[in-house]
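Heads up: the structure comes next, in structure tokens.
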Amino acid sequence: MLARNRFILLVLVGAVLAIVSLSLQFLNLMPISPEERPLEAAVGRGKSRKRVIPAPHTQPPKLDPVAEAYGYCNTPNRTEQAWEGHSPADYKLLSVQVMIRHGDRYPLYSIPRTRRPPIDCTLSPSRKPSHPQLSSFISHMALGGRGRWESTLGSVPRLPNHSACEMGELTQTGVVQHLRNGQVLRQAYQRHQLLPPDWSPRQMWVETTGKSRTLQSGLALLYGFLPDFDWSKTTVRHQWSTLFCGAACDCPARGRYLEEEQKRQYRLRVADSELERTYSEMARALGLPTKQLRAANPVDSLLCHLCHGLPFPCAPGGGCVTLPQFAVIRRQQLEDEAERRRAGLYRRYATLAAHPYLNRTAARMERVAHGNQAGRRPRAGGEEVFSLASAHDVTVAPLLSALGLEDARFPPFAARVVFELWKSPPPPQKKRGGVRGEGSRVADSELFVRVLYNGEDVTFDTTFCRSHERPVGQPLCPLGTFLSFVRRDMFSLLNATSYHQACYQRPA
């Protein structure tokens, strides 16, 4: 009986204390931290009696260097959402110009005192990754002697063919990546009838550097895009410069900007104490001088191991490179990319590096546009409605930067940049008696450009179209805006109005 009375008493006391506590808070007599009363902090003594819980301010998560590296591999094992070929209703596709980075390759450097990655560079449809078109692609390449090959390209192998890959050789993964790219573009443009069934040699332009990996990548994409294409109509042209600058490669200022950018990169690397410590640890584990390890550019080989699911290299009887060490190197590279955008030196270099290609792209668009004017007699053989440039990361990266796509990912293996030229339906007919030349201006206003990077529409992220009004239902940019950018506006960054002036003016 006594125990029960004590229990009832404790319950009553607890209830009274709870009521008192709630009353004090309701009457705002209990002290509360300023963070819990943001309104009172702003206006003095407020009347709000509701306790406010502050929202935590958290920094956006940092990019995981290892996860980013897997994205760089671009392994062809996922379904891709591509926006090429999408347009408002009744728009006509006039031309497509594509620049690609070659597919997955064997490393360009080897790490001393370690075994090279054991990768087979012959092609086998039964080995993964594979593609439904791989077998027929191999057979079609055997007929390549019927094609036309510019310069020394005729002696470059059309397929990777070493059971033990050579340095820089395209792998089967790289071939499959571009067969998929070609297939994506075929599905995107097939309904637009970009290339007619009886297409002429003039309507397709293919160019590549002299490296086997770019030639083979270009042929793989071309086959995916145009299966069993007619070799007798196909000419493969040689670009001796990785910048695809043709006859406009001489530009002294471009070299100066690149040298300044390389100095910036060096200063950032040597100031990174964690990176220096990591290189020392790796060198000690492999039994190498640190300078020798650095000179071997180990990240290139390590990326190959990661992309192909191979363990990181080890020295005979010694230690091994670890995933955390690789992560430090990639972390520094990501930070360098961010600093590169802030510094702006690379953007200046990229403007001059990419202009010759952009200028040729603009000229092709103009020719195609003029050939499609109403009442104009088309040129015999037609215009270049599909062009393909098979290039390197040092080609694609400046192109992205020159376009103002500074936030775009560094070009992974098999990256692609696509320029589409579209024509809108003609406006309603006006009464006769207009000003002379009015028809030409109307025709120009019907022409539009789209830019896509790895299947994503980035048109309104580019410098030339970022501030352009985007009409509802028309995700396109006027051709004239792109032409003005290429011919004049892109040089404002360099206080110049032309490519020649920007290249040869004296540095400030």
Side-chain angles (χ1 to χ4, degrees), residues 70-87 91 93-105 123 125 128-138 140-141 170-195 199 203-206 208 213-229 234 307 361 385-391 393 395-396 399-400 405 408-409 411-422 449-459 461 475-476:
Y70 279 114
Y72 174 86
C73 298
N74 196 15
T75 305
N77 59 359
R78 57 186 175 85
T79 302
E80 183 176 358
Q81 176 66 54
W83 289 99
E84 285 95 344
H86 289 254
S87 73
Y91 276 58
L93 180 64
L94 300 184
S95 74
V96 172
Q97 301 184 58
V98 184
M99 175 177 276
I100 60 172
R101 184 192 175 187
H102 59 75
D104 177 82
R105 58 154 172 79
L123 301 183
K128 292 183 179 182
S130 190
H131 190 276
Q133 291 179 296
L134 182 56
S135 181
S136 57
F137 168 70
I138 296 171
H140 196 66
M141 291 302 104
L170 193 70
T171 66
Q172 177 162 316
T173 300
V175 172
V176 170
Q177 285 169 331
H178 279 301
L179 285 173
R180 285 171 56 97
N181 269 344
Q183 186 179 31
V184 166
L185 297 183
R186 176 177 173 79
Q187 293 170 350
Y189 299 130
Q190 193 170 21
R191 64 186 178 89
H192 295 286
Q193 298 180 341
L194 181 66
L195 277 173
W199 59 276
Q203 290 179 296
M204 185 171 71
W205 177 280
V206 180
T208 174
R213 59 184 176 272
T214 53
L215 172 65
Q216 294 159 6
S217 293
L219 292 174
L221 184 143
L222 183 60
Y223 189 81
F225 175 67
L226 200 62
D228 298 321
F229 59 85
T234 305
C307 294
T361 299
V385 296
F386 180 77
S387 71
L388 172 63
S390 187
D393 56 351
T395 324
V396 179
L399 177 61
L400 296 172
L405 301 173
R409 286 172 49 200
F413 288 129
R416 67 181 188 271
V417 182
V418 177
F419 296 86
E420 297 176 345
L421 177 63
W422 294 86
V449 174
R450 282 180 84 216
V451 183
L452 301 104
Y453 179 48
N454 293 334
E456 181 183 354
D457 188 343
V458 294
T459 307
D461 295 324
L476 306 169

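Note that the coordinates shown come from a computational prediction; the quantities given were computed from them, not determined experimentally. When a residue number appears, it is its place in the shown sequence, counting from 1.
- A pairwise comparison of heavy atoms in Arg186 and Pro227 identifies NH1-CD, 3.4 Å as the closest pair.
- His140 and Phe229 have their aromatic ring centers within a separation under 6.0 angstrom.
- One finds the CE atom of Met204 at 4.5 Å from the CG atom of Leu222 (value rounded to the nearest 0.5 Å).
- Separation of the Phe225 and Phe386 ring centroids falls under the 6.0 Å cut-off.
- The CG atom of Leu93 sits 9.0 Å away from the CZ atom of Arg191 when rounded to the nearest 0.5 Å.
- Residues Asp461 and Tyr453 are not in side-chain contact: their nearest non-hydrogen atoms beyond the backbone lie 4.5 Å or more apart.
- Between Trp422 and His192, the ring planes are perpendicular. Angles over 60° get that label, and only those under 30° would be called parallel.
- Rounding to the nearest 0.5 Å gives a distance of 9.0 Å between CG of Leu388 and CG of Leu185.
- Listed for the Gln177 side chain is a donor-acceptor partner under 3.5 Å among the backbone atoms of Asp104.
- Side-chain contact check for Thr214 and Thr208: at least one donor-acceptor pair (N or O, by modelled atom type) lies under 3.5 Å.
- For Tyr223 (side chain) and Met141 (main-chain N/O), no donor-acceptor pair under 3.5 Å exists by modelled atom type.
- In this structure, CZ on Phe413 lies 9.5 Å from CG on Asn74, to the nearest 0.5 angstrom.
- Between Pro412 and Tyr72 the shortest heavy-atom distance is CB-O, 3.3 Å.
- Every salt bridge (charged side-chain N to carboxylate O under 4.0 Å, His left out) that Arg101 has, sequence neighbours left out, goes to Asp393.
- Between the side chain of Ser390 and the backbone N or O of Leu215 there is no donor-acceptor pair closer than 3.5 Å.
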Quiz item: Should Asn454 and Arg416 be marked as a side chain to side chain contact (heavy atoms under 4.5 Å, CB included) after you check the CA-CA gap, both sets of side-chain angles, and the distance that decides it?
Solution: CA-CA 5 Å; Asn454 293 334; Arg416 67 181 188 271; 4.2 Å; yes

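- Summarising the geometry, atom NE2 belonging to His178 is positioned 14.5 Å from atom CD belonging to Gln183; distances are rounded to the nearest 0.5 Å.
- Phe137 and Ala220 make their closest contact through CE1-CA, 3.7 Å (heavy atoms, listed as atom of the first residue, atom of the second, distance).
- The two residues Asn181 and Ala414 make their nearest non-hydrogen contact at ND2-O, 3.0 Å.
- Separating the OG atom in Ser95 from the CH2 atom in Trp205 is a distance of 14.5 Å, to the nearest 0.5 Å.
- Between the side chain of Thr459 and the main chain of Leu476, no donor-acceptor pair closer than 3.5 Å is present.
- Of all non-hydrogen atoms in Leu134 and Leu123, the two that sit nearest each other are CD1-CD1, 4.3 Å.
- Contact between Gly85 and Arg450 at its shortest, heavy atoms only, is N-NH1, 3.9 Å.
- In this structure, the side chain of Arg180 does not engage the main chain of His131 through any donor-acceptor pair within 3.5 Å.
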